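Data block below; observations after.
If you're wondering where the values come from, they're calculated on a predicted model, not measured in any experiment.
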Amino acid sequence: ETHGITFRIQIGVKELLDTDLVLKLLFHLPVNYPSTLPDISVNSDQLTRAQCMDVKDKLLEQAKKHLAEPMVHNLILWIQQHLKDVIKQSATVCNEKTTLSKGTSTEDGIWMLLLHLDHMRAKAKYVKTVEKWASDLRLTGRLMFMGKIILILLQGDRSNIKEYLILQKTSKVDVDSSGKKCKEKMISILCETKVQSQHKRFQTFEVKEYSTLDELQKEFETAGLTTFFSEFVPPLLK
């Protein structure tokens with residue numbers, strides 16, 4: 001009632017790039033849909049992350065044309081008919097985007113997300129997955145381990161942070177007690193906010209382990225996030 005509905009749709013697009021292409025779409029419909037646009041995530045083993053992001057952007061453009069009316073079925077039909085054109089266009093503008101990205105990424109658009117994970121059973125695989133998502137979505141920050149505390153601190157485009165959250169909540173990133181792949185159910189969003197002038201921008205995404213709470217605190221202090229540490233980390237020790 002408060003979070004809306006999330007569902008996956010997998011579609012096949014015939015004779016695209018000389019092969020059948022499988023597109024995995026995830027729609028999150030907020031409670032006031034269709035007056036509010038859905039969140040959309042796009043994945044495909046046969047497309048690059050950049051191509052998937054372009055497909056998502058085109059779907060959102062189409063969604064705006066159907067605002068206030070049910071649109072998911074129309075969006076699926078549209079992408080089945082136009083996917084080839086979207087991918088072709090994606091390839092031609094790729095270099096242009098790369099050269100423009102530095103100038104168009106304004107400080108106003110940079111957001112920060114702090115997550116708390118309860119545990120990682122399949123740690124090596126989990127860490128590798130988080131690193132790949134951060135890289136694909138051009139997010140910087142830290143995956144931090146201190147004793148039993150696991151924190152993920154991300155900075156980047158707000159839309160990319162939203163995309164990360166969808167991946168984090170809907171992908172099978174860990175294993176359960178019997179060793180079976182499972183989704184992350186024990187995750188808490190501690191904070192999501194716009195990066196302020198006093199906050200240091202992380203240049204890379206790093207995985208770091210800290211042997212003491214003081215070491216972890218210094219990481220936050222160096223990044224200008226002392227208040228974040230004092231507000232969110234000590235309660236996790238109780």
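The same ILVMFWY cluster, assembled from side-chain heavy atoms under 4.5 Å apart, contains both I187 and F145. Under the 4.5 Å side-chain heavy-atom criterion for grouping Ile, Leu, Val, Met, Phe, Trp and Tyr, F27 is not connected to I166 through any hydrophobic cluster. Under a hydrophobic clustering in which Ile, Leu, Val, Met, Phe, Trp and Tyr are joined whenever their side-chain heavy atoms come within less than 4.5 Å, directly or via other members, L26 and Y33 fall into different clusters.
Not one N or O on the side chain of S135 forms a donor-acceptor pair closer than 3.5 Å with the backbone of E131. In this structure, S44 contributes its side chain and Q46 its backbone to a donor-acceptor pair below 3.5 Å. In terms of modelled atom types and a separation under 3.5 Å, the side chain of Q155 and the main chain of L153 share no donor-acceptor contact. A side-chain donor-acceptor contact under 3.5 Å links N160 to the backbone of L137.
We find the NE2-OG1 distance between H28 and T170 to be 11.5 Å, quoted to the nearest 0.5 Å. Atoms CD1 and CD, on I150 and E209 in that order, are 9.5 Å from each other to the nearest 0.5 Å. Atom-to-atom distance recorded for L115:CG and M144:CE is 10.0 Å, nearest 0.5 angstrom. With rounding to the nearest 0.5 angstrom, the CG atom of L59 is 11.5 Å from the CG atom of N74. Interatomic distance, CG of L47 versus SG of C52, reported as 5.0 Å (0.5 Å rounding). Remark: L77 CG to H73 NE2 distance equals 4.0 Å, nearest 0.5 Å.
For the pair V195 and M112, the tightest heavy-atom approach, listed with the atom from each and the gap, is CG2-CB, 3.9 Å. When all heavy atoms of E163 and V42 are compared, the closest pair comes out as OE2-N, 4.1 Å. Between K194 and I110, the closest heavy-atom pair is CG-O, 3.6 Å. Considering every non-hydrogen atom in both E192 and W111, the closest pair reads O-CZ3, 4.0 Å. Nearest approach of T140 to F202, heavy atoms of both residues: OG1-O, 2.9 Å. Counting all heavy atoms, side chain and backbone alike, L67 lies closest to S35 at CD1-O, 3.5 Å.
Between L213 and K218 there is no side-chain heavy-atom pair separated by less than 4.5 Å. Residues I9 and V72 meet the side-chain proximity criterion, which asks for heavy atoms closer than 4.5 Å. Counting heavy atoms from C-beta outward, N43 and L167 have side chains that approach closer than 4.5 Å. Two residues are said to be in side-chain contact when any heavy atoms from C-beta on lie closer than 4.5 Å; I189 and L165 meet this criterion.
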With side chain to side chain contact (heavy atoms under 4.5 Å, CB included) as the criterion, how do L151 and V233 come out once you've worked through the C-alpha distance, each side chain's angles and the decisive distance to 0.1 Å?
CA-CA 9 Å; L151 298 170; V233 179; 4.0 Å; yes
Is there a side chain to side chain contact (heavy atoms under 4.5 Å, CB included) between L143 and Y126 once you walk through the steps?
CA-CA 11 Å; L143 169 53; Y126 204 135; over 6 Å; no
For a side chain to side chain contact (heavy atoms under 4.5 Å, CB included) check, start with the C-alpha distance between Q168 and W133, then their side-chain angles and the critical distance, and finish with the verdict.
CA-CA 9 Å; Q168 178 77 64; W133 288 343; 4.2 Å; yes
Could you please spell out the steps behind the side chain to side chain contact (heavy atoms under 4.5 Å, CB included) verdict for D45 and K24?
CA-CA 9 Å; D45 294 336; K24 300 168 188 173; 3.7 Å; yes
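Around the NZ atom of K58, the shell of radius 6.0 Å holds no more than 12 heavy atoms that belong to other residues, nucleotides or ligands. Around NZ of K125, the count of heavy atoms belonging to other residues, nucleotides or ligands within 6.0 Å exceeds 12.
The aromatic rings of F228 and F232 lie tilted to each other, with the angle between the two planes from 30° to 60°.
In summary, of the residues considered (I87, I79, L83, V22), a side chain to side chain contact (heavy atoms under 4.5 Å, CB included) with V13 occurs for L83 alone.
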